[in-house]
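Chain letters run A, B, ... following the sequence lines, proteins first and then strands; every chain starts at 1.
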Amino acid sequence: MLIFEISAKGRKNHLQAPRLAPEAKDIPAHLLRRTPPIFPEVSELQVVRHYTQLSRKNFSIDTQFYPLGSCTMKYNPRGVHQLASLEGFLQHHPLTPISHSQGYLQSAYELQEILSHITGLSAVSLTPMAGAQGEFAGVAMIRAYHLSRGDTARTEFLVPDAAHGTNPATAVMCGFRIKEIPTDKHGDVDLNALRAAVGPHTAGIMLTNPSTLGVFERHISEIAKTIHDVGGLLYYDGANLNAILGKCRPGDMGFDVMHINLHKTFATPHGGGGPGSGPVAANERLKPFLPIPTVGYDGDHYYWLTEKDCPQSIGRLSAFMGNAGIILRANIYARLLGHEGLCRVSEYATLNANYLMARLQQAGFTLAFADRRASHEFIITFKKEAKTMGISAKDIAKRLLDYGVHAPTTYFPLLVPECFLIEPTETESKEELDNFINILMTILKEAKESPELVKQAPHTLPVRRLDDLKAARELDLTWHKSKKPEEA
Amino acid sequence: MLIFEISAKGRKNHLQAPRLAPEAKDIPAHLLRRTPPIFPEVSELQVVRHYTQLSRKNFSIDTQFYPLGSCTMKYNPRGVHQLASLEGFLQHHPLTPISHSQGYLQSAYELQEILSHITGLSAVSLTPMAGAQGEFAGVAMIRAYHLSRGDTARTEFLVPDAAHGTNPATAVMCGFRIKEIPTDKHGDVDLNALRAAVGPHTAGIMLTNPSTLGVFERHISEIAKTIHDVGGLLYYDGANLNAILGKCRPGDMGFDVMHINLHKTFATPHGGGGPGSGPVAANERLKPFLPIPTVGYDGDHYYWLTEKDCPQSIGRLSAFMGNAGIILRANIYARLLGHEGLCRVSEYATLNANYLMARLQQAGFTLAFADRRASHEFIITFKKEAKTMGISAKDIAKRLLDYGVHAPTTYFPLLVPECFLIEPTETESKEELDNFINILMTILKEAKESPELVKQAPHTLPVRRLDDLKAARELDLTWHKSKKPEEA
Amino acid sequence: MPFIPHTEDDVKTMLHAIGVNSIEDLFDEIPQDLRINNLNPIAPGLTEMAMGRDMKARAERDAGLACFVGAGAYEHHIPAAVWQITGRGEFLTAYTPYQAEASQGTLQLLYEYQSMMANLMGLEVSNASLYDGASALAEAVLMAVRANTHAKEPRILIAGNLHPHYRQTIEALVRPQGIILETLPYNDTTGCLETSRPKIDNGDIAAVVIAQPNFFGGIEEVDGITDWAHQHLALVIAVVNPIAMALLKEPGAWGERGADIVCGEGQPLGIPLASGGPYFGFLCTKMEYVRQMPGRLIGRTVDQNGNPGFSLTLQAREQHIRRAKATSNICTNQGLAVTAATIYMSLLGASGLADVAKASHDHSSTLCKALTALPGMRLRFNSPCFHEFVIECPCTAKALIHTVLKDNILAGLDLSLMSPELDRCLLICVTETKTAQDINAYVQAIKRALQHLTSSLTVED
Amino acid sequence: MPFIPHTEDDVKTMLHAIGVNSIEDLFDEIPQDLRINNLNPIAPGLTEMAMGRDMKARAERDAGLACFVGAGAYEHHIPAAVWQITGRGEFLTAYTPYQAEASQGTLQLLYEYQSMMANLMGLEVSNASLYDGASALAEAVLMAVRANTHAKEPRILIAGNLHPHYRQTIEALVRPQGIILETLPYNDTTGCLETSRPKIDNGDIAAVVIAQPNFFGGIEEVDGITDWAHQHLALVIAVVNPIAMALLKEPGAWGERGADIVCGEGQPLGIPLASGGPYFGFLCTKMEYVRQMPGRLIGRTVDQNGNPGFSLTLQAREQHIRRAKATSNICTNQGLAVTAATIYMSLLGASGLADVAKASHDHSSTLCKALTALPGMRLRFNSPCFHEFVIECPCTAKALIHTVLKDNILAGLDLSLMSPELDRCLLICVTETKTAQDINAYVQAIKRALQHLTSSLTVED
Ligand SMILES: Cc1ncc(COP(=O)(O)O)c(C=O)c1O
Ligand SMILES: Cc1ncc(COP(=O)(O)O)c(C=O)c1O
């Protein structure tokens with residue numbers, strides 16, 4: 001049932017609207033709206049019940065194990081959420097003078113410092129609103145750097161074939177052409193191909209390490225040297241930072257600029273698709289180009305650094321300073337954990353992934369990179385099962401839902417067929433991992449003994465498998481009054 | 001799975017406990033605990049997930065229509081909850097000097113005034129913590145009144161047979177003997193029986209009006225006169241106040257003292273069984289006996305009235321002043337609605353009940369009191385269905401759960417066999433009522449066509465019908481380590 | 001219309017279905033002389049926005065004090081998860097779990113609560129809550145009278161160092177049933193119960209009520225009193241602070257046979273101070289007395305498929321079944337507060353709870369030492385204490401409290417509440433929430449206040 | 001270990017299963033020269049309790065101003081239900097709904113959001129959100145360039161009275177793709193766009209960007225500009241305040257054919273000010289351009305039993321499928337803020353939203369009249385306004401703002417932010433949240449400040 005379908009003409013929540021609402025007589029009639037928008041007319045109870053019921057149709061970390069590779073679905077501490085939701089923070093206008101913004105500015109400044117320590121890079125701008133905007137900022141900074149030196153020939157960006165879709169999309173948004181670099185059979189970047197690809201047109205490379213294949217790129221120093229030698233710069237996609245906190249730093253690997261997904265490594269909630277936050281960190285070379293505003297500190301007060309202070313900045317990426325509330329959350333999370341806690345994150349995330357990987361291999365599942373350590377995540381492939389039983393990774397993913405476990409990332413990275421990218425995160429217990437292993441084993445058994453059960457899954461969710469083709473072909477993107485209730 | 005069964009030795013949420021916890025060396029060893037209690041050792045995520053999942057096994061107003069007669073399961077406004085949860089209120093110690101308690105005291109005082117207007121009685125004490133404690137307060141006040149006049153012969157309390165169980169239980173707690181008064185066939189108190197029962201031993205009567213039979217007691221003035229004439233007093237059980245807000249007042253009917261269930265009429269959440277709040281209101285005669293503390297106002301400041309100010313008080317019913325947070329909520333609710341909104345409550349609660357009653361009668365259901373108006377609730381009986389089809393009220397109640405609707409109150413009041421006491425409340429929409437009617441009709445059809453479906457219900461809930469006999473015979477009231485996990 | 005979803009069309013259709021012309025007609029059974037037509041003395045309604053402004057101003061008016069008062073309500077850190085989960089609509093807006101199949105969430109939670117609470121107290125059974133600590137004690141007294149078949153009279157001996165409000169509450173709640181309440185005196189030096197006990201015969205006394213810690217924060221020698229009571233066939237009712245039980249000997253282990261009934265205030269387990277409520281009372285006992293218990297009990301059982309499930313059990317003790325013969329008139333209890341306490345106990349675990357107790361004890365010892373080093377300030381009682389202690393001041397407690405209120409410190413409770421001769425005594429509580437700076441600020445404020453109060457003639461003194 | 005559930009035993013068992021001796025061994029593929037062993041420059045961790053004290057102090061430091069600044073972020077009353085429901089774990093802690101069957105809650109909600117938002121804008125399609133208003137506008141510009149097949153060059157005409165931060169954001173986000181940004185000037189008297197428009201040929205311009213209301217709160221004559229743009233084969237991009245759209249003509253009805261792309265800041269729809277975010281950007285368009293849209297789209301479809309359901313659709317526009325050829329690089333968007341906005345719109349309904357708009361307009365008119373009655377204060381622009389207006393002061397706006405800050409009033413935005421010659425101009429916003437008393441307090445504070453500033457020589461002026 002859609003909220004529109006429980007609407008009744010004339011229903012209104014009088015306590016939620018202001019009492020006195022005289023007509024706006026001073027606005028010329030031709031500028032006024034003639035017909036009101038079609039919104040639902042529902043009572044407060046109907047709204048609460050409708051959206052409470054809807055929420056119950058979601059899987060979430062708070063209710064399920066959610067080992068979605070590359071997404072770092074860890075526990076989002078409730079204390080962080082509570083403290084970031086204090087009235088004083090919520091009611092603070094972004095354009096408040098700094099005299100009345102010190103609480104927020106201090107928190108942002110501290111986070112800049114923390115991220116700088118963790119990444120081994122010298123300066124941070126918190127303004128990007130998600131990983132992809134952080135990528136944009138970083139690649140735009142590389143572009144601005146080359147242009148600032150009059151180096152206009154650098155029109156190409158290198159991206160490994162294993163890269164996340166945002167990487168090539170970002171480089172294109174920044175005006176670059178993409179050169180894709182293949183992966184070798186161990187999951188590392190193919191060094192020969194890389195060497196063959198670089199040249200005077202090379203503006204830079206975007207790299208994740210550990211990569212989206214769940215392995216640490218062992219030749220990173222060589223890659224860095226190869227790129228730097230031809231005058232290119234290195235962008236680090238920080239989506240997998242959870243794997244290396246306190247173990248190694250992108251700055252030391254030779255990266256010039258990177259983003260950090262606060263909604264992954266720093267445990268801010270994913271909110272059903274955001275908001276996130278993707279601060280960008282840069283070394284000395286790229287620091288002048290960081291997006292504004294950033295926060296400065298004179299030992300006494302915190303203050304904004306804007307275009308006046310940073311004339312080479314690539315500029316502003318949002319109306320204010322990005323997803324401030326997420327920045328606040330990341331600050332609280334990091335300071336709750338402290339340096340020891342932050343180091344433990346990568347340790348236990350890695351322990352969980354390697355344990356799962358080892359146990360699944362023992363149980364007969366096929367690893368994509370059996371000779372490698374898992375980072376905080378790893379890949380299994382159902383290529384064999386697809387061939388022998390006609391069971392796809394998608395089938396198994398859907399069947400997992402029936403067992404109350406969210407599916408791992410499927411069909412990414414694209415170069416491993418029928419794959420699951422599995423990221424358990426450090427906040428899941430051994431019991432939860434063992435349960436997951438048992439469920440996967442059960443499903444494999446089902447696939448052999450009653451394949452239709454798996455191919456027709458899910459069976460126990462609010463809907464059965466959805467017709468995505470119909471969705472795309474017969475676009476139905478908004479509700480119209482004319483549609484019959486039965487259709488919904 | 002019990003929380004104990006996901007426990008693992010040595011797990012701890014370090015951020016929730018204080019850091020520095022030196023041993024208490026100054027306490028003699030023989031006074032110290034030797035073995036720690038067996039609590040679960042679980043992570044914060046495990047706790048959140050476990051209890052979030054558990055919550056999802058409940059029906060509630062926020063998720064379901066909940067027409068539980070006598071319970072007034074209306075919408076609990078979220079705004080009320082939010083404002084009563086302001087930090088300033090939550091952190092306020094009950095023994096704070098009044099100079100720093102004016103915000104709370106004002107709210108309590110205002111509620112006393114509002115309740116006084118609504119009930120037509122002259123003074124209110126907010127301290128009783130639920131309806132039953134309000135009943136205790138009122139009946140104890142009647143006892144104290146008689147004793148204060150040296151009238152020690154009054155050892156009997158009259159209670160109609162339709163009364164809620166708390167009524168006789170309360171009178172006994174106050175040291176009275178119970179005389180049960182029968183109901184006539186229209187649902188009114190049997191006046192002849194009443195006249196026969198009263199006498200010099202009569203301390204008073206406890207009455208609900210509208211009664212738990214869902215009808216207004218039409219001879220209330222005569223009843224009052226009968227009781228008063230023999231020197232007894234009248235207690236009003238305010239559980240059904242939602243039916244008469246702004247229409248008539250217990251004080252005008254002749255009642256001397258009453259309680260109000262804030263968790264019913266004033267929309268405070270029921271919390272899975274409380275907390276509630278049961279303020280007690282009295283006329284001038286009984287006012288001196290009200291429980292302490294109450295709140296006074298000198299035109300400038302609000303202050304506590306305690307034993308010093310009220311020497312005839314029956315005393316204190318709790319360590320502080322009752323369920324303060326519920327009192328705050330009731331204040332906010334009442335002031336949000338204002339006088340017009342409060343009057344509308346009874347109007348629409350009554351409209352909903354009469355509509356449901358009329359439609360159900362048309363649909364072939366048997367009303368207990370077909371010749372009467374419904375108050376805010378009414379009774380149907382499945383006596384016929386029990387006889388002809390072997391389907392009990394309980395069967396139908398359980399089957400309703402399968403349709404996502406909470407069952408009405410069953411088997412209360414005791415004098416109507418196989419009954420449903422149905423209270424829709426004013427906050428439910430006509431659509432919701434129509435849906436309920438359709439479901440009931442469907443179930444009746446099922447009862448005829450496939451009775452086992454109904455007799456075996458529920459089918460779709462987390463558990464099937466439970467074995468209450470086993471629960472009582474083989475008492476299992478706490479978890480022990482020795483119990484096997486499979487048992488849970 | 002606020003919270004009412006009816007449209008004009010709805011009303012028309014509904015009235016038509018009923019067969020009346022107006023809503024007013026639905027009230028036609030109310031005799032005309034009883035009718036009123038409005039509630040005009042009550043103010044008009046407010047919008048949520050206007051109410052927000054108003055209530056925020058009130059909340060602020062009451063806020064801002066550093067609280068060093070305990071006396072039955074204790075400030076502890078409450079993990080954010082506790083109320084964020086407790087506040088979920090499915091817990092918040094459910095009724096008492098009468099339809100067990102539709103209430104397994106609340107029922108299982110309560111079963112887990114019963115398990116933890118019984119374990120914390122070292123007893124076999126816990127009920128699912130009573131109103132608060134004081135009324136729970138009254139219920140415990142009534143229960144003891146029912147349970148003790150040896151007692152000749154319903155006579156109860158009550159510790160003299162019990163919270164005075166608890167004593168008053170018992171008086172109000174049990175007196176109508178003719179129960180006789182007598183006092184077991186405390187020693188003026190130790191603040192604890194006298195070691196020389198009254199001479200009684202077997203069956204003279206139905207139960208003895210002991211508070212651990214007592215109202216002064218003092219730790220009682222519970223073993224001796226327990227055994228003495230049992231020797232005289234009296235039951236032992238323990239009134240305890242649940243946080244203290246992570247550190248102090250649990251009532252089930254008192255003396256040879258353990259206390260028989262344990263009750264108290266559950267508020268310290270994750271419930272905010274909130275002007276005094278809602279809190280919850282807990283009550284535990286030995287299995288042999290379970291049928292005399294007041295309040296709800298949840299039992300584990302199986303469903304018709306043999307799967308485990310939970311339901312209300314032993315309802316034959318309760319008013320809705322047993323009516324006049326019920327063990328209590330209680331119906332609605334404090335379910336939501338228990339929900340919070342269960343989550344709190346799960347998050348803290350036994351060792352976390354012990355940490356809270358130890359840190360509170362440590363902080364209060366620190367403040368106690370610092371205060372007794374000030375001229376004219378002395379410890380009133382000399383027994384070991386748990387997180388609360390009594391200081392005798394060189395001026396009235398009232399004057400001192402009011403002076404340091406100006407520094408936004410609530411210094412403690414004026415013990416003239418307990419008895420007039422304790423008017424120079426301040427009952428002070430320190431929990432884990434107070435930092436070294438807080439404690440220092442307190443000491444400095446008191447120092448300034450003492451200088452002021454003892455150098456000048458004050459009106460109050 | 002905070003947020004890590006492993007016991008020592010667990011770790012042992014797990015290492016054994018993996019076949020290594022220590023956790024450290026799991027990092028053996030990282031070259032030794034890249035290893036670090038700690039993050040010691042970062043401070044040690046804090047308990048939740050200690051953090052609570054710290055963050056509460058910070059929050060208080062930033063609190064307490066009566067806010068009369070708008071300028072892209074607006075204070076409105078947010079019904080309590082909005083965030084109490086939005087904050088439920090199932091909304092808060094879910095990922096992007098890739099597994100549709102396990103995400104029907106979020107998906108249906110987003111479909112409802114798309115329906116309401118498209119309807120509010122008078123267009124056919126809405127996406128499921130972009131980052132914020134400014135970046136949404138940049139995406140709209142890129143989309144217009146892709147969609148307008150008539151344009152000879154990627155040239156965009158941008159209203160000169162657009163929020164300066166929006167202009168800066170477009171510059172940063174679209175310049176790398178070689179898009180040319182030019183300015184459509186505004187009239188210095190009206191504050192609105194010049195009625196005489198530049199001479200352009202068909203195809204010269206890919207799109208025209210119009211703000212309604214403009215940065216000064218002024219209401220533009222949108223019909224004329226829209227038709228003019230369309231006549232020259234340019235697309236029209238409208239940047240609008242969604243609350244204003246309950247009152248002002250919706251972009252879909254502008255001119256003959258309506259605006260082509262509408263975007264803006266969703267914050268006014270139930271999102272708190274919160275230092276600037278998270279908010280959300282909305283973007284609506286005509287069905288003919290849907291394949292050029294950036295961001296996620298939810299479609300209604302059926303499951304294999306034919307029952308209705310929802311899923312992400314047209315994913316071939318997106319980076320995770322189309323990679324380098326995607327319509328945008330956006331991945332994570334602002335889902336939770338949209339959740340709140342959807343609940344907000346459902347609670348308010350169309351008429352409630354109109355009430356908010358009208359009350360805001362009314363309150364701002366009241367303040368405007370009162371201020372212009374003060375000596376030396378005049379309205380800077382003479383067009384009709386929506387809930388925001390510009391006052392020219394007899395002193396610098398900066399001085400005035402800082403003076404009334406002492407009264408805990410944030411008087412408005414210093415328009416020197418926009419351009420140096422507007423340094424005496426104050427952009428003031430009043431919404432429904434401000435009472436008559438608030439407005440009066442503001443006027444009195446300004447009066448006092450003006451007396452002070454104009455009577456004495458001030459440093460700033
Ligand atoms: C490897 C990788 N890179 C980049 C991103 C994009 O980050 P965001 O979704 O925050 O824009 C993701 C997110 O899933 C990712 O997994
Ligand atoms: C008629 C009636 N009287 C009294 C009570 C007892 O009220 P409480 O549960 O608040 O103690 C109830 C509650 O269900 C009731 O319905």
Note, C:L348 side chain near B:N13 side chain (heavy atom, < 4.5 Å): no

Contact part of C:T96 toward chain B, heavy-atom cut-off under 4.5 Å: side chain, backbone, both or neither? both

Ionic contact status for C:E90 with B:R56, cut-off 4.0 Å: no

Pair B:Y51, C:E112 - check side-chain hydrogen bond (donor to acceptor under 3.5 Å, both in side chains), show working. CA-CA 11 Å; B:Y51 289 110; C:E112 292 175 356; 2.6 Å; yes

Of all heavy-atom pairs between B:F39 and C:G349, which one has the smallest distance, and what is that distance? CD2-C, 3.8 Å

Passes ring pair (Phe, Tyr, Trp, His ring centres under 6.0 Å), C:H320 versus B:F412? Steps please. CA-CA 9 Å; C:H320 64 287; B:F412 175 80; 9.4 Å; no

Less than 3.5 Å apart, any donor N or O on the side chain of C:H6 or B:N352 sitting next to an acceptor on the other? yes

For the residue pair C:Y95 and B:H270, does the interplanar ring angle fall in the parallel (under 30°), tilted (30 to 60°) or perpendicular (over 60°) class? tilted

Considering only heavy atoms and a distance below 4.5 Å, find which of B:D468, B:D467, B:L401, B:L461 pairs most often with chain C. B:D467

So does C:A73 get a backbone contact from the side chain of B:H93, meaning a donor-acceptor N/O pair under 3.5 Å? yes

For B:L477, is there any backbone N or O sitting under 3.5 Å from a side-chain donor or acceptor partner on C:Q114? yes

Among C:L65, C:L405, C:D62, C:L273, exactly one meets side-chain contact (heavy atoms from CB on, under 4.5 Å) together with B:T96. Which residue is that? C:L65

Kindly say whether B:P37 contributes a backbone atom to a donor-acceptor pair with the side chain of C:N119 at under 3.5 angstrom? no

Walk me through it: do B:Q102 and C:R58 pass the test side-chain hydrogen bond (donor to acceptor under 3.5 Å, both in side chains)? CA-CA 7 Å; B:Q102 289 296 301; C:R58 292 187 192 189; over 6 Å; no

Run the salt-bridge test on C:E101 and B:K398 with the 4.0 Å N-O cut-off and return the result as yes or no. yes

Taking side chain as C-beta onward, heavy atoms only, is B:L32 less than 4.5 Å from C:L248? yes

pair B:D62-C:L92: side-chain heavy atoms closer than 4.5 Å: no

Looking only at C:L120, C:D10, C:D362, most heavy-atom pairs under 4.5 Å shared with chain B are made by C:L120

Would you call C:D303 and B:R465 a salt bridge, taking side-chain N to carboxylate O under 4.0 Å as the test? no

Go through the atoms of C:A43 and report whether side chain, backbone, both or neither lie under 4.5 Å from a heavy atom of chain B. backbone

Which portion of C:K56 sits near chain B, non-hydrogen atoms under 4.5 angstrom: both

Name the orientation class of the two ring planes belonging to C:F3 and B:Y75 (parallel below 30°, tilted from 30 to 60°, perpendicular beyond 60°). tilted

Could you give the distance from CZ (B:R335) to CD1 (C:I42), rounded to the nearest 0.5 Å? 12.0 Å

Under the 3.5 angstrom rule, does the side chain of B:N76 hit a backbone N or O of C:T93 as a donor-acceptor pair? no

Does the side chain of C:Q108 come within less than 4.5 Å of B:H50's, by heavy atoms? yes

For C:E250, is there an ion pair with B:R33 - N to carboxylate O distance below 4.0 angstrom? yes

